[in-house]
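One-based numbering along the sequence shown.
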Amino acid sequence: RPAKLPATPRPLEQDYVHKAFFIYFLLDPGMSRNLPMRAASESLSELECFREFVRSIFYIGKGKRSRPFAHLHDAAKYCASNPHTQDSARQPKLERIRQIWQSGLGVVQFSCFQGSTSAEAHNREACCLDAIGLSNLTNKVSGTYYGVIGTKSGAVRRTMGVHLLAKACRIFLQEGERQYRANVPAP
């Protein structure tokens, strides 16, 4: 008897089947100071690189396609409509991007773990958020866990986050730092 083929996934289920997701980091170049270049030229240790990488992250997200750039687009609109208003309590991520742009630098956007399902990307994002802590980021909410990892202790999930961040750091050091700038008026 031939095996029955599975039904075509419904639209909501497709995100959990298709491997089109990744996680991304927004970094402050004033803190990273072109870490990939410095790591090679200054012979920084792996631990020093990791600390500077984590310290320079101000936002972690899960996305597909051009999702990371939506934040930069939102920040450009925010800066245009509020050119001199400081609103860091309500919009910490957009305000941080504004500060970076006003300093003459560009936001560093770095994506990794491409080819993940939605659930895998959610789990990776949540682990990284737990490892760094929301108090050190501009993210407003912690991540969502799916599957077995959701049953693990906070310590196990933070440890997984540290491992994911270490891998992301190694990839970042290989790929290099790219800044995305916008014309934002000085305060």
Shortest non-hydrogen contact between G30 and D28, atoms and distance: N-OD1, 2.8 Å

Gap between atom CD1 of I23 and atom CZ of R67 - 0.5 Å precision: 14.5 Å

Single-linkage hydrophobic cluster I171~V108, side-chain heavy atoms < 4.5 angstrom: yes

Option among H71, E125, Q109 that satisfies the side-chain hydrogen bond (donor to acceptor under 3.5 Å, both in side chains) test with Y24: H71

Any S118 side-chain heavy atom under 4.5 Å of K62 side chain: yes

From CG (D130) to CE (M160), nearest 0.5 Å: 12.0 Å

Residue pair K152 / Y145, side-chain heavy-atom distance below 4.5 Å: no

Cluster check L26, W101: I/L/V/M/F/W/Y, side chain < 4.5 angstrom: yes

Remaining members of hydrophobic cluster (4.5 Å side-chain criterion), L47: none

Greater than 12 external heavy atoms within 6.0 Å of E46's CD: no

Donor-acceptor under 3.5 Å (N123 side chain, Y146 main chain): yes

Residue pair A131 / V162: nearest heavy atoms and the distance that separates them: CB-N, 3.8 Å

Distance, nearest 0.5 Å, that separates CZ of F69 from CG of D74: 13.5 Å

Where S116 and R124 come nearest, the two heavy atoms and their spacing: OG-NH1, 2.5 Å

Heavy-atom side-chain proximity of I97 to T138 below 4.5 angstrom: no

Mutual orientation of the aromatic rings belonging to F172 and F53 [parallel < 30°, tilted 30-60°, perpendicular > 60°]: tilted

Expected output: side-chain R157 to main-chain G150 donor-acceptor under 3.5 Å: yes

4.5 Å side-chain heavy-atom contact, R98 and L94: no

Closest approach of I149 to C127 (non-hydrogen atoms, all atoms of both residues): CG1-SG, 4.2 Å

R51 atom CZ, neighbour heavy-atom count above 12 within 6.0 Å: no

Considering all heavy atoms, the nearest S32-P29 contact: OG-CA, 3.3 Å

ILVMFWY network linking F22 to F110, side-chain heavy atoms under 4.5 angstrom: no

Minimum heavy-atom distance between G104 and R181, given as atom pair plus value: O-NE, 3.5 Å

Under 3.5 Å donor-acceptor, S56 side chain and M31 backbone: no

Heavy-atom side-chain contact between E95 and Q99 under 4.5 Å: yes

Test item: R170 and L173 side chains (from C-beta on) under 4.5 Å apart, heavy atoms: no

Under 3.5 Å: donor-acceptor pair, side chain of R96, backbone of L137: no

Same apolar cluster (I L V M F W Y, side chains within < 4.5 Å links), I132/V107: no

From CD (Q91) to NZ (K140), nearest 0.5 Å: 4.5 Å

Pairwise distance CD(E175) to OG(S111) - rounded to 0.5 angstrom: 8.5 Å

N/O donor-acceptor pair under 3.5 Å between S153 side chain and V156 backbone: yes

Check: F58 and P92 side chains under 4.5 Å, non-hydrogen atoms: no

Distance, nearest 0.5 Å, that separates CG of L44 from SG of C49: 4.5 Å

Heavy atoms of other groups near E42 CD, more than 12 under 6.0 Å: yes

Cluster overlap F21 with L165, hydrophobic side-chain contacts below 4.5 Å: no

